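Computed from a predicted structure; not experimentally measured.
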2 protein chains.
Amino acid sequence: MGTRERKQKEFSLREALFLEAAEAMVSEEGFLHLQMARLAEACDYATGTLYQHFSSKEDLLLALANRRMEAFVDIFRKVGAWQGGTPRERMFAIAVGDLDFSRHHPEHAKLTQYVHAEAVWENTSPERREQAMCCTGPVGEVVAGIVQEAIDRGDLDAQGLSPLELACGPWSVCEGMRALSHVQGLFESLNIRSPERLFFRQVQVHLNGLNWAPLADPADHAATDALVARVRREVFDVSGPDAREVRS
Amino acid sequence: MGTRERKQKEFSLREALFLEAAEAMVSEEGFLHLQMARLAEACDYATGTLYQHFSSKEDLLLALANRRMEAFVDIFRKVGAWQGGTPRERMFAIAVGDLDFSRHHPEHAKLTQYVHAEAVWENTSPERREQAMCCTGPVGEVVAGIVQEAIDRGDLDAQGLSPLELACGPWSVCEGMRALSHVQGLFESLNIRSPERLFFRQVQVHLNGLNWAPLADPADHAATDALVARVRREVFDVSGPDAREVRS
DNA sequence: TTATGTTTTGAATCAGGTTCAAAATCCGAC
DNA sequence: GTCGGATTTTGAACCTGATTCAAAACATAA
C-alpha cells in the first residue's frame with residue numbers, strides 16, 4: 001500500500017513549506033527575529049507541528065543554512081563542469097563563485113557563521129549536523145579533482161601534501177577575507193578602497209606561493225579583472241549588466 | 001572634592017569584579033550557560049546593579065571578549081619589541097602567537113566568533129563596540145611597521161599596496177584556518193594529520209607568494225618547526241616543556 | 001536634622017522557546 | 001458503514017532566564 005509513502009511525501013512537502021516560509025521571514029527581518037510560533041502560524045499549523053520537523057529553533061536554522069548550502073554547492077558543480085580554463089583558473093573560479101555567492105546571499109553568510117558558533121551548533125540535532133557535513137562532499141571532490149589535474153599536468157608540485165590539504169590554503173584565504181569583511185567598519189578603518197580587488201589579488205598571491213603554474217602577476221589589475229569577468233560569463237552565466245550589479 | 005572621583009573608582013572596580021567573576025564562570029561552564037542573575041549573586045549584588053554596567057547580556061560578553069583582546073594585543077607588542085629576526089620572521093611570529101593564543105584560550109576564540117555574529121553584535125552598546133574597535137589600533141601599527149621595514153630593507157615589493165592591505169593576506173590565512181578548524185570534524189574528514197604544520201606551511205606559502213625575502217621552503221618541516229620553536233622561545237618566553245604542552 | 005538626589009535592590013514582568021494532555025484524524029477490521 | 005485503537009495535530013500552559021522599575025536604602029547638602 002502506498003499509504004506510508006504518501007504520508008512521507010506529505011511530510012517532506014510540509015517541511016519544505018516551513019523552510020520556504022522561514023526563509024522569507026528571515027530574509028525580511030533577519031534570522032534573529034524569527035519566532036517559532038509566528039512561523040507556524042504563518043503556515044497555518046500549530047507550534048507543536050513545527051517541532052515534528054525541527055528539534056529546536058537552532059535545528060531549524062541549520063536546516064535553512066543547509067538548504068542554501070545546496071545552492072552553494074552548485075558553484076562547485078559549475079566549476080567542475082567548466083572546461084574552458086586551466087586548473088589554476090578553475091581554482092580561481094571557485095574564489096569568484098564564493099565571493100559572488102556571499103554577496104548575493106548576505107543573510108546566508110551570517111547565518112552560516114551563526115550556526116557554526118558552538119553555542120548554536122550544540123543545540124542542533126545529530127541528523128541535521130550529519131546533513132550539513134555531507135553537503136561538503138561534492139565540494140571536496142571538485143576541489144581535489146582540480147588540484148589533481150594540476151599535478152598531473154605538471155602545473156603544480158604537491159610536495160607531499162594531499163590535494164585537500166593543498167586546497168585548504170586558498171580556502172582559508174576565502175574564509176578569512178569573508179570573516180574580516182564581516183567585521184563592521186574594519187576595511188574602512190584600514191583605508192581599503194576595493195576589498196574585492198584585494199581579495200582576488202590575495203588569492204593570486206597564494207596560488208603563486210604554491211608555485212601553481214602559470215604564475216600570475218597579482219599587481220596586474222587589468223588581467224585579474226578580465227579573468228574575473230570571463231569566469232562570471234563562462235562559468236556562472238552572469239552577463240554584462242548582472243556582472244556589474246554583482247560587482248558594485 | 002574627591003567624592004565624584006572616588007565613586008568613579010569604586011564603580012570601575014566593581015566592573016572589574018563582575019568581569020573577573022564572569023570570566024571564571026565562563027571558563028568553567030562555557031559562555032552560553034552564563035546567567036545574569038547567577039553572576040550578580042555570585043558577586044553579592046542585585047541583578048539590577050549588573051545592568052548599570054552592561055546594557056545587556058551580549059554587552060557583557062563583548063566586554064569579556066575585549067578584556068581578553070588586550071592580552072591578545074600583547075602578542076603584537078611582544079613581536080613589535082622583538083629584535084631577533086628578519087621582518088619576514090616577525091610576520092611569521094605573529095602567526096605563531098595567534099595560533100598559540102587561540103589554543104591557550106579556546107573559549108576566547110569561540111566567544112569572539114559569537115559576539116561578532118551580527119545577531120549578537122547588534123545587541124551590544126555603541127560604547128562597547130567602540131572599545132572593541134580601538135583595541136585593534138596597536139595591532140595595525142605593529143603589522144604596518146613590520147611590512148614597512150621589509151619594504152625599506154628591500155625584502156618586499158609592495159607593488160602599490162599599503163602596508164595594511166598587504167598584511168590582510170597573511171591575516172586572512174590566520175583567520176581562515178581558525179574558522180576552518182572550528183568546523184567540528186572538518187579536518188578529520190579531510191584526513192588532515194597535523195593542522196598545526198599545515199597552518200604554518202600555508203603562512204609560509206603566502207609570504208612566498210608575496211615574494212617576501214628571504215623565501216622559505218614550505219615543504220621543509222624541520223626548518224619551519226625550528227623557526228616556530230625559536231619564536232616561542234625568544235618572543236613569547238615559552239620554554240621547552242611549555243612549548244611541548246602548547247604544541248600538543 | 002531634614003530635604004533632595006542618587007544608587008541599589010530583587011520581586012515582578014515579559015519574551016519566546018518548548019512541552020504535553022486532550023482533541024482530531026486516520027485506517028484497517030468487522 | 002462504523003467501531004476502536006493508533007497516529008497526528010493542536011495550542012494553551014509551562015519554564016527558563018533576561019530585563020525592568022517602584023520602593024527602599026543610602027549619600028549629600030543646606
### Summary
A:Leu50 atom CG is separated from D:dG11 atom P, nearest whole Å, by 14 Å
### Message
Output the rounded distance in Å from CZ (B:Phe11) to C1' (C:dT6).
### Response
13 Å
### Query
Hey, does the side chain of B:Gln52 come within less than 4.0 Å of C:dT8's phosphate (OP1/OP2), counting only N and O?
yes
### Task
Answer yes or no: does a side-chain N or O of B:Arg14 lie under 4.0 Å from OP1 or OP2 of C:dT8?
yes
### Nearest-angstrom distance from the residue atom CG of B:Asp44 to P of C:dT8
14 Å
#### Entry: Rounded distance (Å) that lies between atom C1' of C:dC26 and atom CD of A:Glu10
11 Å
### Task
Could you state the atom-to-atom distance from OH of A:Tyr45 to P of C:dT25 in whole Å?
13 Å
#### Entry: More than 12 heavy atoms from other groups under 6.0 Å of CD on A:Glu29
yes
### Query
Stepwise, does the side chain to side chain contact (heavy atoms under 4.5 Å, CB included) test hold for A:His53 with A:Phe11?
CA-CA 9 Å; A:His53 296 267; A:Phe11 189 81; 3.4 Å; yes
### Query
Are any non-hydrogen side-chain atoms of B:Val96 and B:Val79 less than 4.5 angstrom apart?
no
### Query
For nucleotides 12-26 of chain D, read 5' to 3', which letter fits each nucleotide if B means a protein heavy atom sits under 4.0 Å from the base, S means only the sugar-phosphate is that close, and - means neither?
-----SSBB------
### Message
Please determine whether the number of non-hydrogen atoms from other residues, nucleotides or ligands lying under 6.0 Å from atom CD of B:Glu122 exceeds 12.
### Response
yes
### Message
Please determine whether a side-chain nitrogen of the Lys or Arg among A:Arg103 and A:Glu196 lies less than 4.0 Å from a carboxylate oxygen of the Asp or Glu.
### Response
yes
### Task
Report the distance from atom CD of B:Glu41 to atom P of C:dT8, rounded to the nearest whole Å.
18 Å
#### Entry: Atom-pair distance (CG on A:Asp59; P on C:dG17), nearest Å
14 Å
### Query
Can you tell me how far C1' of D:dT8 sits from CD of A:Gln8, to the nearest Å?
14 Å
### Message
Other residues, nucleotides and ligands only: do more than 12 of their heavy atoms fall within 6.0 Å of CD on B:Glu10?
### Response
yes
